[in-house]
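What follows is a single structure, written as C-alpha cells, with notes after it.
One is the number of the first residue; the rest follow in order along the sequence.
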Amino acid sequence: SCIKVKNSILLSYMIELTLHARNQLKDNHNSSGNLRRLTELKIVLDKMRPLEKRMRYSIDKLLSMGTSTDAFASTNEQEEDPLNFKPDPAAMQDDEEEPTTTKYQS
C-alpha cells in the first residue's frame with residue numbers, strides 16, 4: 001500500500017540523514033553516495049505527495065470510521081455499501097452563505 005511505502009521511504013531517509021550528519025561530524029567527506037541516496041529519496045517523497053493528496057479523502061473517511069463508536073454498531077449492509085464513501089457536497093458549503101437560485105433550477 002502507498003502508506004507503507006511512504007513510511008519505509010521516510011525511515012530510509014532518516015537513516016541516510018543520520019549517516020550524513022555522522023560523516024560530517026567525523027570530517028569524512030567521502031559521502032557522495034550518501035548525498036545521492038538522500039536526493040533520490042527526497043525526489044521519491046516529493047513525487048508521492050500528489051498521490052497522497054488524491055487519497056486524502058478516502059484515508060480521512062476510513063480513519064473517522066475506525067474511531068467513531070457508530071462504526072462498531074453498524075450492520076454489514078452499511079459497511080459494504082460503496083455509497084457510504086461518496087463526498088458530501090453540503091459539507092463543502094459555508095453555513096453563512098445563502099443558497100443562490102438561478103432561473104434554471106426547478
Side-chain angles (χ1 to χ4, degrees):
S1 113
C2 181
I3 296 173
K4 287 181 183 180
V5 171
K6 181 183 177 187
N7 285 338
S8 66
I9 290 173
L10 280 172
L11 179 62
S12 297
Y13 185 79
M14 294 302 295
I15 291 170
E16 293 293 329
L17 192 61
T18 305
L19 290 173
H20 179 68
R22 186 188 69 170
N23 287 340
Q24 280 189 337
L25 288 174
K26 289 185 175 184
D27 293 329
N28 184 2
H29 298 291
N30 296 334
S31 62
S32 64
N34 193 8
L35 283 176
R36 185 173 354 123
R37 180 74 178 143
L38 275 171
T39 306
E40 288 174 3
L41 291 172
K42 177 67 175 158
I43 290 170
V44 169
L45 286 170
D46 287 341
K47 298 262 182 188
M48 286 182 71
R49 194 168 290 145
L51 178 63
E52 185 181 2
K53 283 183 182 178
R54 281 185 266 158
M55 294 175 51
R56 173 73 57 200
Y57 177 78
S58 298
I59 292 170
D60 290 342
K61 185 76 170 180
L62 290 172
L63 286 175
S64 69
M65 282 183 57
T67 58
S68 71
T69 57
D70 294 337
F72 297 111
S74 64
T75 63
N76 288 337
E77 293 174 8
Q78 289 176 343
E79 290 176 7
E80 295 175 4
D81 186 14
L83 294 178
N84 284 338
F85 297 102
K86 68 179 181 179
D88 184 15
M92 296 171 56
Q93 293 180 350
D94 256 351
D95 292 336
E96 297 173 5
E97 285 184 19
E98 294 181 13
T100 58
T101 58
T102 63
K103 62 181 179 179
Y104 299 111
Q105 284 183 334
S106 55

Handout entry: More than 12 heavy atoms from other groups under 6.0 Å of CE on M14
Key =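 For M14, atom CE is not crowded (no more than 12 foreign heavy atoms under 6.0 Å).
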Hydrophobic cluster identity match, [X] and [Y], side-chain contacts under 4.5 Å:
X   : Y   : answer
M48 : M55 : no
L19 : L38 : no
L63 : I3  : yes

Nearest-0.5 Å distance that lies between atom [atom1] in [X] and atom [atom2] in [Y]:
X   : Y   : atom1 : atom2 : answer
L41 : I15 : CG    : CD1   : 10.0 Å
T39 : N34 : OG1   : CG    : 9.5 Å
K6  : L11 : NZ    : CG    : 13.5 Å
I43 : I9  : CD1   : CD1   : 12.0 Å

List for me each residue that meets salt bridge (Lys or Arg N to Asp or Glu O under 4.0 Å) alongside [X], sequence neighbours excluded, and say none if there are none.
X   : result
E40 : R37
R56 : E52
D46 : K42, R49

Practice task
From the options L51, N7, I59, select the one residue that forms a side chain to side chain contact (heavy atoms under 4.5 Å, CB included) with C2.
Solution key: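 For C2, the side chain to side chain contact (heavy atoms under 4.5 Å, CB included) check succeeds only for L51.
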Exercise for the section: Could you verify whether a donor N or O on one side chain and an acceptor N or O on the other, from H20 and E16, lie under 3.5 Å apart? Expected result: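 Checked: H20/E16 side chains show no N/O donor-acceptor pair below 3.5 Å.
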